[in-house]
Novice: 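This is the structure, below, for whatever I ask next.
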Number of protein chains: 2
Amino acid sequence: MRITSKGEYGVRAMLELAIHYGQGPISISAIAKKQEISEHYLEHLFASLRDAGLITSFRGAHGGYELARAPEEISIGDIIRVLEGPIAPMDCVAKDPVFCTRMGNCATRVLWKKLQTSMEKVLESTTLAWLYEEAKKFDAEDDSLCNASITKSNEE
Amino acid sequence: MRITSKGEYGVRAMLELAIHYGQGPISISAIAKKQEISEHYLEHLFASLRDAGLITSFRGAHGGYELARAPEEISIGDIIRVLEGPIAPMDCVAKDPVFCTRMGNCATRVLWKKLQTSMEKVLESTTLAWLYEEAKKFDAEDDSLCNASITKSNEE
DNA sequence: AACAATTCCTAGTGAAATACTAGGAATTAG
DNA sequence: CTAATTCCTAGTATTTCACTAGGAATTGTT
């Protein structure tokens, strides 16, 4: 019942894009550095997110990535579904369910469906915008302590 | 975000024990046959469940396994925790959390905690007794469906 | 005592997934 | 032209998954 590093890194990287939303593209290397993720690995994840239409890429010098939609319009579920597959504890309760001989006669399936629904509810109702607001809270706490880890500045 | 066959088989087998609760031990071979699970594999799962105190074993002829507690007293969470590990999408939000440098300054952790809580709520509140009641409903449906399909096929 | 049915235990294994790494081609701003 | 970037294909070490194998120990029955 674990999210893998794909989902973890993907969400962290997408949060970074949400923070810089509307300020032009940012490069993989910048995100990878800030979030301590392997550059090459993040490249793969971004390829999937791009193919899924969640982010837009710009090639060449001063290129990079930006969110394809506003942070309010991208749920964590959107990201997880691309990087981890359907949100479902079992294939038989996925949106496009895999057939199982028990299907119509399975008490455990009712259980997995309950679990699937509760998971989906959380992941669909949580957006990048919400996550950004949470991050700002932490940022404010940090400011009072020492330095900010999340800045909206155009450092280059 | 998937439950593996360990959790799936484990819950199905435990349901079988719940169905026979109070009627003496049943053997692995009987459960494996009924639930279409590899006998040897189920043996491993039952070893874990026994070590965790969820089931009791009886060796020798006419031996087998039975629930260590009443079906009302065993939650699906109890089973999953034994066979799949802590109920948590990320190690940093498990009950005995793995340390992470971000820990106190991580917006995504708040998200994973929300997800963890909702998953745990479902799995803790669902017991084997509940699952057994669900199974009985299907049994009742099957009876009426079976009769209906017999008469239908006779007509056709 | 012999036997059959069962759990118990240790070890092994092929396939798939995970979490990357490597290297270079294509593109674009300055 | 050059430096910075994405894009693409391939490879790889490690871990996990889902079993399988084989026999020792235990216990009810005859």
Side-chain angles (χ1 to χ4, degrees), chain A residues 1-13 17 20 24-52 54-68 80 82-86 89-91 154-156, chain B residues 1-13 17 20 24-33 35-68 80 82-86 89-91 98:
Chain A
M1 296 298 288
R2 295 285 182 295
I3 289 251
T4 70
S5 68
K6 285 185 200 172
E8 184 197 348
Y9 295 169
V11 170
R12 293 224 311 263
L17 290 189
H20 291 87
I26 46 177
S27 69
I28 276 184
S29 62
I31 297 171
K33 200 174 176 184
K34 200 159 179 188
Q35 290 286 339
E36 299 173 278
I37 302 168
S38 146
E39 240 180 274
H40 260 306
Y41 192 42
L42 191 54
E43 208 175 288
H44 289 300
L45 308 185
F46 270 23
S48 303
L49 293 167
R50 166 177 45 84
D51 292 346
L54 295 185
I55 59 179
T56 312
S57 65
F58 299 90
R59 303 185 71 172
H62 291 231
Y65 295 86
E66 55 182 38
L67 295 182
I80 296 296
V82 169
L83 299 173
E84 306 263 350
M90 294 266 297
D91 287 333
N154 304 323
E155 74 230 50
E156 259 180 335
Chain B
M1 297 297 291
R2 294 284 183 295
I3 289 252
T4 69
S5 68
K6 287 183 199 172
E8 183 197 348
Y9 295 169
V11 171
R12 293 224 310 266
L17 291 189
H20 291 86
I26 45 176
S27 69
I28 277 186
S29 63
I31 298 171
K33 200 173 177 184
Q35 289 288 340
E36 297 173 278
I37 302 169
S38 148
E39 242 180 273
H40 260 305
Y41 193 42
L42 191 55
E43 208 175 289
H44 289 302
L45 308 186
F46 270 24
S48 304
L49 293 167
R50 166 177 45 83
D51 293 345
L54 295 184
I55 60 179
T56 311
S57 65
F58 300 90
R59 304 185 71 171
H62 292 241
Y65 296 85
E66 55 184 36
L67 294 184
I80 296 297
V82 169
L83 299 173
E84 306 264 348
M90 295 265 296
D91 288 332
V98 171

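Labels below follow one simple rule: chain letters A, B, ... track the order of the sequence lines, proteins then strands, and each chain is numbered from 1.
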Novice: Rounded to the nearest angstrom, tell me the gap between atom CD in B:Glu84 and atom P in D:dT16.
Specialist: 13 Å
Novice: Looking at residues 1-10 of chain B, who's got a heavy atom less than 4.0 Å off DNA chain C?
Specialist: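 Nothing qualifies; none.
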Novice: Collect all protein-nucleotide pairs involving nucleotides 28-30 of chain D in which both atoms are nitrogen or oxygen and the distance is under 3.5 Å.
Specialist:
none

Novice: First contact, last contact: which nucleotides of DNA chain C are these for chain B, 5' to 3', heavy-atom distance under 4.0 Å?
Specialist: C:dA5 to C:dA11
Novice: Compare every heavy atom of A:Ile28 with every heavy atom of A:Glu39, then report the nearest pair and how far apart it is.
Specialist: O-CG2, 3.7 Å
Novice: Closest approach of A:Ile3 and A:Glu8, non-hydrogen atoms and distance?
Specialist: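 Looking at all heavy atoms of both residues, the shortest contact is CG2-N, 3.7 Å.
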Novice: Can you sort out the partners of B:Arg2 under side chain to side chain contact (heavy atoms under 4.5 Å, CB included), two or more places apart, ordered by chain and number?
Specialist: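 Applying side chain to side chain contact (heavy atoms under 4.5 Å, CB included) to B:Arg2 gives A:Pro86, A:Asp91.
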Novice: I need the OH-C1' distance between A:Tyr41 and D:dA13, as an integer number of Å.
Specialist: 14 Å
Novice: If you compare all heavy atoms of B:Gly24 against all heavy atoms of B:Glu66, which two are closest, and at what distance to 0.1 Å?
Specialist: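 In terms of heavy atoms, the two residues are closest at C-OE1, 3.6 Å.
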Novice: Heavy-atom contacts under 4.0 Å between residues 42-50 of chain B and DNA chain D, which residues?
Specialist: B:His44
Novice: Can you measure from CZ (A:Arg12) to CG (A:Leu17) and round to the nearest 0.5 angstrom?
Specialist: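 Between atom CZ of A:Arg12 and atom CG of A:Leu17 there are 13.5 Å.
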Novice: Provide, to the nearest angstrom, the distance between the CD atom belonging to A:Glu66 and the P atom belonging to D:dT5.
Specialist: 15 Å
Novice: Taking all atoms of both residues into account, what is the closest heavy-atom pair of A:Met1 and B:Glu84, and its distance?
Specialist: N-OE1, 4.3 Å
Novice: Starting at atom NE2 of A:His40, determine the distance to atom C1' of D:dA13, rounded to an integer number of angstrom.
Specialist: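 These atoms are roughly 17 Å apart.
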Novice: For A:Ser38 and A:Ala32, which heavy atoms make the closest approach, and how far apart are they?
Specialist: C-CB, 4.4 Å
Novice: Check residues 41-58 of chain B and write down every donor-acceptor pair under 3.5 Å in which the side-chain atom is one partner and the other belongs to a residue at least two apart or another chain.
Specialist:
unit_1  : atom_1 : unit_2  : atom_2 : d
B:Tyr41 : OH     : B:Ser5  : OG     : 3.2
B:Ser48 : OG     : B:His44 : O      : 3.4

